[in-house]
Every structure is written in C-alpha cells, then in structure tokens.
Amino acid sequence: MIIRIPWLLLLATVFIMTISGNPLFLQQSGRNIKPVIRWRPPMDTWNWTETPRNDEPFFIPSNFTHKLPPSANETELIAHMAALKRNYSRLLWDSDKSSNLPLFVDKALKLLNLKQVYYEVEHSVMSKVSCTACKAGAGLLQHYMRLGKSKEEINKMIYQFCVSLNIQSARVCEGITRLFGSEVVYVLKRITIGPNEICSFVIGDACGDVYNPYHEWEVAFPPVPKPQAKALEPPIEKAPTFKVLQISDTHFDPYYAEGANAECNEPLCCRASNGPALTPGGGAGRWGDYRKCDTPKRTIDHMLKNIADTHTDIDYILWTGDLPPHDVWNQTKEENLKVLQETVAQMSDMFPGVPIFPALGNHESSPVNSFPPPYISSPESNIAWLYNELDAQWRRWLPAGVSHTVRRGAFYSVLVRPGFRIISLNMNYCNNKNWWLLLNSTDPATELQWLIYELQSAEFSGEKVHIIGHIPPGHSDCLKVWSRNYYAIVNRYEATITAQFFGHTHYDEFEVFYDPNDLGRATSIAYVGPSVSPYYDLNLGYRIYYVDGDHDATTRLVVDHETWIMNLKEANLFGYPIWYKLYSARSAYMMPSLRPQDWDAFIDDMTSKEDVFNLYHKHYWKNSPRRGTCDGECRKRLICDARSGRSHDRRALCVHIEARIDGAAPAPQTWRAWLYNGLMSMIMQIPQVAYQIPKYVMGLG
C-alpha cells in the first residue's frame, strides 16, 4: 500500500509556514541568491534487444487434477449481508486536543484542515484541499532553495513545525524529515517546473490536468499491424487447469506485540514502542488488529501452513509485493533487506519445489516509494542495494537469464510452459509518489519499451502472456502518462495478454481495460488481489486462481478464482484463526466465464442492481465488520475503479456510469418532508437526552 504520508506531510507542513506569515528564514542583506541548477539526466543507452531472452519452458506441471468451484449454474447467489450501522472513522486523530499554539497556527490549521489532507493522502482520494497544500509547500520550498538555504536548515524548520503543529509525534516528524528531506531537496533543486506542474504530477486530477512538456512521452511500437480482434471464446469446460496462489501485501511486522497500544497517533501501532494499551479494549489482538497495525509473524506462519495443508495441489505462486511494515518513518535499508530475506526463506520452506514468481512492491525500498531510475548512479542515492539483493533472493525460483533485467530495473520475463509466459513489471516506475520521476518520467529504465519487445516476440511465437506487478495501472497512484502508455500496449497486444495480476490496494477488486477507440469493447482484465495485512479495518486474505492449462485449445484465461479470508475479530475472540473460502467469482456473481466482456457485463449489473453491488462491496472489504455502508458517491467510486484500467481519466471512462447511478437515486425531498423528518428525528432523541441529564448534573458525564 500505499503509505504516501511523508512527501505531502512535508509539503503540508511547509504550507502552514506560508499562511502563518512566519517564513522559514529571514533573508540576509547582501547575500547572494543561488541560481537554480539546470539538470538533465544522462542518456540511457541500454539496448533491450540485446538482452538474452528466456525461451526454455521453466515450469514442469505436477499433473494435478483440480476440482473447480461450482459454476453459476450450479449454485444460487449467496445471501447478502445487511448494511452495518457503525461507520468507523478513518481519521488519524480520534479527537481534537487543545494546545498552546499561537492564534495564527490555529487559523492556519482550520484553513488547511490537516485531518482532511491526511485522510486524502492516505486513501488516494484527493481534493483541492490537498492540492492547495501541495502547491503552497512546493512553491515555498523552491523559493527558499533559490535563496540558497541549505538542506539542513530546511529540514530543521520542517521538523520544528511538524512537532509544533502536532502533525505527528516527535519521533515520526524526526524520522520523516531525516529520511525524506534530503531527497526532496535534491529533486526540487534539479527541476525547472513550478508548483502547478509538480502537484498535478504528484496528485493527479484533483490538481487539474496541467500540461507539462517534460512529462509527455509515448512509447514506440514496431511496424507490425495489430492482428484483427476476434471474439474471445470461453475456456472449454472440464479442461485441465493450473491452480495458482496469489499472496500480496503481507506487511510483516517483526515488532508487533500482543497487548500493545493499538490506538496510537502514529501511522503504525500495535508495537512494543507504542507502550501498553491506555483503554480497555485498546490493546493489540493476538492474531492482528483492525486498527493501524500490520501482520504478526504467528499469523503469517499460520496462514502459510494452512495454505500448504489445504491447497496441496498448487502449481505455482504469484507473489505481488509489499513485504515490510508501514513504519515508513523508522525504516532502514538493512531492516528492509532483512524482511526480504526472512520472508523469501519462509516461502521457500513452506512451498518446497513450487515455482514462485515475485513482483516488487512500493514498500521494499527505504525510504518508501523511492525508486531512482538507472541514471541516478551516486552511491548514496541509487537503488542497486535493493535490486542486487532481489536478484540474489529471487534466483531460488527464477532462471539465471533474467538476472540482467532484475538488476537493472526489477522486472523480468519467464517462459513458464510452451506457449505461456509470465512477465513481472516494476510498477514503481509508474508510482507518482516516487519523486525521482520528477527529474524525468520518460519510460524509466526503458521498462515499457522492453515490455513491447517481449510482447511482440511473444506474438511472433504464438505465446500467451500473464503480466504481474504491484500497483494496478488504473490506480490513482500510477502516473497518468505511464498508465496511458501501458493502456496502449495492452490494447495493441490484447490477443497476447490474457490476464494481469496486481496488489497494493489491500482490497479485493479488479480493473477492466477497453479499446481506446471503442470504450464499449472490453479487451483485458486485471485482477487486484486482497492483502494479507489487515491494515486497516480489513480481514486477512489471499486468492486462488484456476488458469486454463495445457491442452490443444487452451486460452490461458482465468477460468475462475476464489478469495479465502480469516475473520480477525473471531480469531482474536476465540483464540484461533480459521481460514475459509469467502466466495468464488463465477458462482457468487453468476458469471458464465471470466472473460473481459463478462467482467464488463458484471460492471453493468453493479450499476443497475443495488443488491449485486452490495455483494461486491462485501467481498471488496473481505467481509470485514468494520466496512460501514457505501452511499451513492462511494458506489460510483468503486464501480468507476473497476472500469478504470487507465489512471486519472474518469471523465472519459466513467461519466455514463455516474449518470446512471445518479438517475437511479431517490428524488430529493420536498421542504415539507424535510421539516417533518427533522422534527420526528428530534422527538425520537428526547428519551435518550433525558436519560443523560442526571449524569451531567451529578458530574458523572
């Protein structure tokens, strides 16, 4: 996931300085102002066509006979859960606390609404509030850099304001400033674009679609005509299949402590360093916690053992990233490498002999989201420390021939079976919180051009391809220009790419891709697997896929998939976790098959039928008791997410969906109905208020 707090926290803090009238520094008279550094990245001369290509089948199937889940014709739609009445707040702070800050600070806090900024940043649902904070912060930082202020001076003032304004605890402010401050200064000193362009790049649509010539680029396709699109037939019933496990976003926390404070005011709780619980029920659960807490080791151990015992016929595993915890202010390269090494060893021990195909998450780096492209070669900034270790660890499962691209950019291509290939992408090169890309976002590490080469070679060879990665390309965390180019690639090779698999969001969802020239024709499907981590308000989960296997008419499509979960509330209550199948897609959603057009039809059903959407919403949250209700705006957002394989383009992809949902909404109340309902609501509250009066009179309230 997702933690994006550090960058915008820094900018929001600087914004407070701006509106408070209290500048970072006073300019000294007669002091020279340093000019902006005019910096351009060096040319990337890597020739991907000279990289050895893996053309030997890597995977030998175990000849399992897999029993598929019941189809839609063999079962009735499962019962719907009633909407829960409780709607838990997702804000960082539970209550406002008085402080001794000056009056101007209080006014600044009200103007900025830091709670809203924090919420929006954390959930990738941005508005003009976050945009304003970003622009003001970026503008002021650039201004003081032009005045010649050192990174040490800037970092010191950011820390002081972060603590004074109670934005975070002192140790979080110190850690974020230490980890991210130098990187921010390095990047901002070397770009010539202003706050409007920066924040449109980082935040996306909420900051407007600002034209930026430095970040407009297109990949080059070979002069080979696209094969004529053919109607996609469903896989043959009862044909051989592969059984595939997807594990994503484990976020193993080695410092999780049962009983520790789970209600801390930091981005991650439930650790010994948070101290003991301050309230009854405020302690971390034995098997995890719905609050801002990651996954204890005992829970991951139990899950992997349960999978190994329950699914003894797994053919291969997709492991789609995010291994370290969410303590983004307190991470080191050494700690993140240790988590990588321990989890790789654990996966190898639990699934001996089972091929595992990993992808890189955004949390594996330190700082989080920091993935400099290959042209950043300075020892203190380059990413070789991580990619070299990935190559060493992943080599347990991958052929030696992929080492070159893993060390270059953490991506690779493997021929799994004759005619079937898996390509793993490093989606951090589309991550708009990876501020290194502000220097130059043009196809970082030449990854997309390499992808085209791999897909064109696959097309020539008659291979079908599955693509795996971490950040879904349609998610708001993916750069618009990168996502647009990727969308064009998927459209060009729609006959070759038969499925895509991602993680990152922690939810159970999917994204449909469409022909850019005909947004009514679905061309591809991306499955977004659920997280193991409960962070936050979620049950724990994993995904099982049944993929069309080895036979003469194979499509390599996903035939069906199941989501398995552990109810965290019950596990902590009864002292033992139980993993069970929440649903299988064909049966639950009454789908004949899982082709892109079938998922498009399902989106249509969710738009017009509230009960179908409610079922999807239940599965989206992994049946969490903390999920709350989903109003009309929430419904539009989730359905639009499912239709968005291309990021930051909802106006084109979703306008008709929103119109249909708005058209089905109840008519506005008349003023008479509004007045009557309001009076009745007040009358119904009288007994409850009357009951409370004695407590307040006696000073017990």
Side-chain angles (χ1 to χ4, degrees), residues 217-222 224-232 318 320 359 411 413 420-427 429-431 443-444 446-504 509-529 547 555-558 594-600 603 640-650 652-654:
W217 50 272
E218 291 184 354
V219 291
F221 289 95
V224 180
K226 177 182 175 180
Q228 186 174 359
K230 298 178 182 179
L232 196 58
L318 305 178
T320 46
F411 50 85
S413 173
F420 178 42
R421 180 174 295 274
I422 289 178
I423 296 177
S424 178
L425 295 180
N426 181 356
M427 299 301 291
Y429 291 138
C430 93
N431 185 354
D443 192 11
T446 331
E447 181 180 32
L448 289 183
Q449 206 64 59
W450 167 86
L451 175 62
I452 290 174
Y453 169 74
E454 286 290 328
L455 291 172
Q456 187 60 64
S457 300
E459 182 179 280
F460 286 151
S461 303
E463 297 169 357
K464 300 298 183 184
V465 172
H466 285 181
I467 293 176
I468 68 173
H470 183 65
I471 300 174
H475 193 270
S476 59
D477 284 348
C478 188
L479 279 175
K480 183 174 183 177
V481 63
W482 197 101
S483 179
R484 185 184 69 216
N485 277 279
Y486 180 81
Y487 204 84
I489 294 171
V490 171
N491 179 66
R492 166 59 185 85
Y493 296 101
E494 65 172 283
T496 299
I497 302 168
T498 57
Q500 306 168 58
F501 305 87
F502 300 96
H504 184 61
E509 51 184 325
F510 64 94
E511 293 178 355
V512 177
F513 289 65
Y514 296 87
D515 184 338
N517 300 314
D518 180 7
L519 292 178
R521 188 177 75 86
T523 59
S524 189
I525 175 70
Y527 297 96
V528 182
V547 174
T555 61
R556 304 298 184 187
L557 290 168
V558 172
L594 303 188
R595 299 168 297 174
Q597 58 263 44
D598 298 313
W599 285 108
D600 179 54
I603 290 175
C640 185
D641 286 347
R643 192 175 160 79
S644 297
R646 188 171 65 213
S647 69
H648 304 287
D649 202 9
R650 291 174 177 254
L653 295 170
C654 301

**OP:** Could you check whether the rings of F501 and Y527 sit parallel, tilted or perpendicular, using 30° and 60° as the cut-offs?
**Re:** parallel
Subject >> Non-hydrogen atoms of K226 and N491 that approach each other most closely >> reply: NZ-O, 2.8 Å
**OP:** Search all heavy atoms of R646 against all heavy atoms of S483 and return the closest pair with its distance.
**Re:** CA-OG, 3.4 Å
**OP:** Mind listing the closest non-hydrogen atom pair of G520 and Y514 along with its distance?
**Re:** C-CD2, 4.3 Å
Subject >> Interatomic spacing from OH in Y453 to CD in Q449 - rounded to 0.5 Å >> reply: 12.5 Å
Original post:
So I471 and F502, side chain to side chain contact (heavy atoms under 4.5 Å, CB included) or not? Walk me through it.
Top reply: CA-CA 6 Å; I471 300 174; F502 300 96; over 6 Å; no
Original post:
If you round to the nearest 0.5 Å, how far is CD1 of I452 from CG of D443?
Top reply: 8.0 Å
Original post:
Within the side chain of E447, is there an N or O that forms a donor-acceptor pair under 3.5 Å with the backbone of N426?
Top reply: yes
Subject >> Derivation of the side chain to side chain contact (heavy atoms under 4.5 Å, CB included) call for V528 and D641 >> reply: CA-CA 11 Å; V528 182; D641 286 347; over 6 Å; no
**OP:** Just jot down the side-chain hydrogen bond (donor to acceptor under 3.5 Å, both in side chains) partners of E454, sequence neighbours excluded, or say none.
**Re:** R53, S413
Subject >> For W217 against N485, the heavy-atom pair lying closest together >> reply: O-ND2, 3.0 Å
Original post:
Does some side-chain heavy atom of Y487 sit less than 4.5 Å from a side-chain heavy atom of P516?
Top reply: yes
Original post:
Roughly how far, to the nearest 0.5 Å, is the CD1 atom of I423 from the CG atom of L451?
Top reply: 5.5 Å
**OP:** Heavy atoms only: give me the nearest K480-S647 pair and the separation to one decimal.
**Re:** CA-OG, 3.7 Å
Original post:
So F221 and Y493, would you call those rings parallel, tilted or perpendicular, with 30° and 60° as cut-offs?
Top reply: tilted
Subject >> N-O pairing of R492 and E459 below 4.0 Å >> reply: yes
Subject >> Inter-residue atom distance Y486.OH - L425.CG, 0.5 Å rounding >> reply: 6.0 Å
Original post:
For S476, does its backbone N or O pair with a side-chain atom of H648 as donor and acceptor, under 3.5 Å?
Top reply: yes
Original post:
Looking only at atom types and distance, does a side-chain atom of R643 sit under 3.5 Å from a main-chain N or O of C654, one as donor and one as acceptor?
Top reply: no
**OP:** Quick one: pull up CH2 in W450 and CG in L455 and give me the separation to the nearest 0.5 Å.
**Re:** 8.5 Å
Original post:
Is R595 salt-bridged to D600, cutoff N-O under 4.0 Å?
Top reply: no
Original post:
What's the spacing between L557 CG and L232 CG if we round to 0.5 Å?
Top reply: 5.0 Å
**OP:** For the pair F420 and H466, name the ring-plane relationship: parallel under 30°, tilted 30 to 60°, perpendicular over 60°.
**Re:** perpendicular
Original post:
Does the S524 side chain pair with the main chain of V490, one donor and one acceptor, at a distance under 3.5 Å?
Top reply: no
**OP:** Might you point out which heavy atoms bring H475 and E511 nearest each other, and give the distance in Å?
**Re:** N-OE2, 3.5 Å
